[in-house]
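One structure below.
Lettering of chains follows the sequences in order, A, B, ..., and the numbering in each one begins at 1. Please read these numbers as outputs of a predicted model, since none were measured by experiment.
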There are 2 protein chains.
Amino acid sequence: MSYPRPITDHSRLSINTATTRVQWNLSQAIDGYARAGVGGISPWRDQIAEMGLAKAAKAIKEADLTVSGVCRGGMFPWSDAQGRVAMLDDNRQAIEEAATLNAQCLVLVVGGLPAGSKDLAGAHAMVEEAISVLLPEARAAGVPLAIEPLHPMYAADRACVNTMRHALDICERAGEGIGVAVDVYHVWWDTELQSQIKRAGKERLLAFHICDWLVPTRDLLTDRGMMGDGVIDIPLLRGWVEEAGFDGLNEVEIFSELDWWKRDPEEVVKICKERSLTVV
Amino acid sequence: MSYPRPITDHSRLSINTATTRVQWNLSQAIDGYARAGVGGISPWRDQIAEMGLAKAAKAIKEADLTVSGVCRGGMFPWSDAQGRVAMLDDNRQAIEEAATLNAQCLVLVVGGLPAGSKDLAGAHAMVEEAISVLLPEARAAGVPLAIEPLHPMYAADRACVNTMRHALDICERAGEGIGVAVDVYHVWWDTELQSQIKRAGKERLLAFHICDWLVPTRDLLTDRGMMGDGVIDIPLLRGWVEEAGFDGLNEVEIFSELDWWKRDPEEVVKICKERSLTVV
């Protein structure tokens, strides 16, 4: 096992707005994260829409925050022709938003099975078809697409790409301008993680998301832990992505109905900063 | 996609006693399953202990039920030397019970991280070390060991072997007398499932467990669905194991605090039988 050098400042810390989404709207989050002196932010699109894209872009720029990613494009598999058109339109808008915000990537949560379907292979094919349509447009807009393999417990309803291996297979078939977002929560259990991170290399490692896996996990979606409160050896995984050439931001993304969404957001950000120096 | 021939009788249907564990003790389950005319049973060890091994063996034999597996050995990773000794002793007892019951395999739930540990690679190594100690004893007792890759959401606390690929890598390093239990609930999401089932082949396909993945899944452990109520294409997966040579029993194993454990067990068994003819 090789551990990376400890983190000594907050310049490479980014906070995903999901982490404080219950407490702060996007405007408040931009102010709060900037006040705390972290280096980056990753906004969700519903919050961008609420604030207004131009206003959000201006505020983020003035706050001197790097946009480590925009959450999210994807949700590709469609049930009918009309759904396919709406999905492509929505993703085109996401690409435009990511370009306007000068985001380091547009995170793709690729979607699960269409309603009523059990055809997993069919869903996989739809994901690749949608990517083949959208990738040239993303390239033209200068927006790298980052497939985020989600934990297999989300395969049915959120993302049918669940391993780095599968995500990178898709990337290789698709060509340039697409890579992966590595979220420790989703991939920490995978015996192939180290080798697939190495395979991805600097070019395809577009984002690194951190939080922790709690034992027990009380809810499939909204019981993610603060770094250090669970079982993931985050420094080990950070070492792997950095050895592979990643030098982007470490983005904290915590969905926590039961704990962190109930706390003072200033305290949440403070603890993110503290933990990033000690357990990341 | 290739689908297998439909099932037309209940001779190859087995029921895992977890499916009715809240309603029936082992003695009642043996009677109930035999009365329903299913071909097999898979008892849990706590229920065997409660009934008494000799008495259970006699009752199962008299009921003419095939024991498709004994649940469960494993829980290998240890925290200290004393824990290691206790773990090996417990697994030796499990092997003896499986031999006495003439079980087709002893199912191994390999265990997660030792308490307080984040060393996943260390846990993997402990799993292989324990298997290397126990496999010769299992071979001598005539008991095939079946590693059950559990869903990755159990990696921390139940089983750090979460894919067919990893399980089969372990089997190949261990040699003869060990294989896998394929539970559709745990592996349905895996893009490598078909190829790994083929790789396993008849020799290493020791058990096939069925239930369904519900959307939404409300609890990580006890919200498994009855076949047909979720998103898994069970006939497709049955086709894959049968093409690879598997001709054992189709074992229903449903943990369902929220639904099936609350129902009349006669009804549960009846519905298992009906569904096995229509959606398995």
Side-chain angles (χ1 to χ4, degrees), chain A residues 1 112-124 127 149-167 169-170 184-194 212-221 223 225 228-237 279, chain B residues 1 112-124 127 149-167 169-170 184-194 212-221 223 225 228-237 279:
Chain A
M1 296 194 291
L113 297 164
S117 167
K118 300 185 182 191
D119 183 5
L120 187 60
H124 292 157
V127 167
L150 292 204
H151 195 282
M153 67 187 175
Y154 304 122
D157 49 357
R158 284 187 175 74
C160 62
V161 173
N162 308 104
T163 60
M164 286 282 288
R165 177 190 280 268
H166 188 192
D169 286 350
I170 294 171
V184 300
Y185 188 79
H186 297 303
V187 298
W188 72 275
W189 56 272
D190 187 354
T191 52
E192 297 197 311
L193 183 56
Q194 185 177 14
D212 215 333
W213 181 277
L214 299 177
V215 178
T217 291
R218 295 159 293 176
D219 184 88
L220 272 77
L221 191 59
D223 194 25
D229 289 346
V231 300
I232 304 176
D233 188 343
I234 302 171
L236 182 70
L237 274 53
V279 295
Chain B
M1 294 193 293
L113 296 164
S117 168
K118 299 185 182 189
D119 182 6
L120 187 60
H124 292 157
V127 167
L150 292 205
H151 195 283
M153 68 186 173
Y154 305 124
D157 48 357
R158 285 187 174 74
C160 62
V161 174
N162 308 105
T163 60
M164 286 283 287
R165 177 190 280 266
H166 188 192
D169 285 350
I170 294 172
V184 300
Y185 187 80
H186 297 302
V187 298
W188 72 274
W189 57 273
D190 188 355
T191 51
E192 298 198 311
L193 184 56
Q194 184 176 14
D212 215 333
W213 182 277
L214 299 177
V215 178
T217 291
R218 297 160 291 176
D219 183 89
L220 273 76
L221 191 59
D223 194 25
D229 291 345
V231 299
I232 305 176
D233 188 343
I234 303 172
L236 181 71
L237 275 52
V279 295

Under a 4.5 Å cutoff for heavy-atom pairs, which residue among [options] has the most contacts with chain B?
{"options": "A:P152, A:P216, A:A155", "value": "A:P152"}
{"options": "A:V161, A:D190, A:L221, A:T217", "value": "A:T217"}
{"options": "A:T163, A:N162, A:T191", "value": "A:T191"}

What pair of heavy atoms forms the shortest contact from A:M153 to B:H151, and how long is it?
-> N-CE1, 3.3 Å
Which atoms of A:V231 approach chain B - backbone, side chain, both or neither, heavy atom under 4.5 Å | both
Part of B:I232 within contact of chain A (heavy atom distance under 4.5 Å) = backbone
Side-chain (B:D157) to main-chain (B:G112) donor-acceptor, under 3.5 angstrom | no
Counting distance only, does the side-chain N/O of A:H124 pair as donor-acceptor with the main-chain N or O of A:C160 below 3.5 Å?
-> yes
Set of residues satisfying salt bridge (charged side-chain N to carboxylate O under 4.0 Å, His left out) with respect to A:R158, sequence neighbours excluded = none
State which residues pass salt bridge (charged side-chain N to carboxylate O under 4.0 Å, His left out) with B:D169; sequence neighbours excluded, sorted by chain then number.
-> B:R199
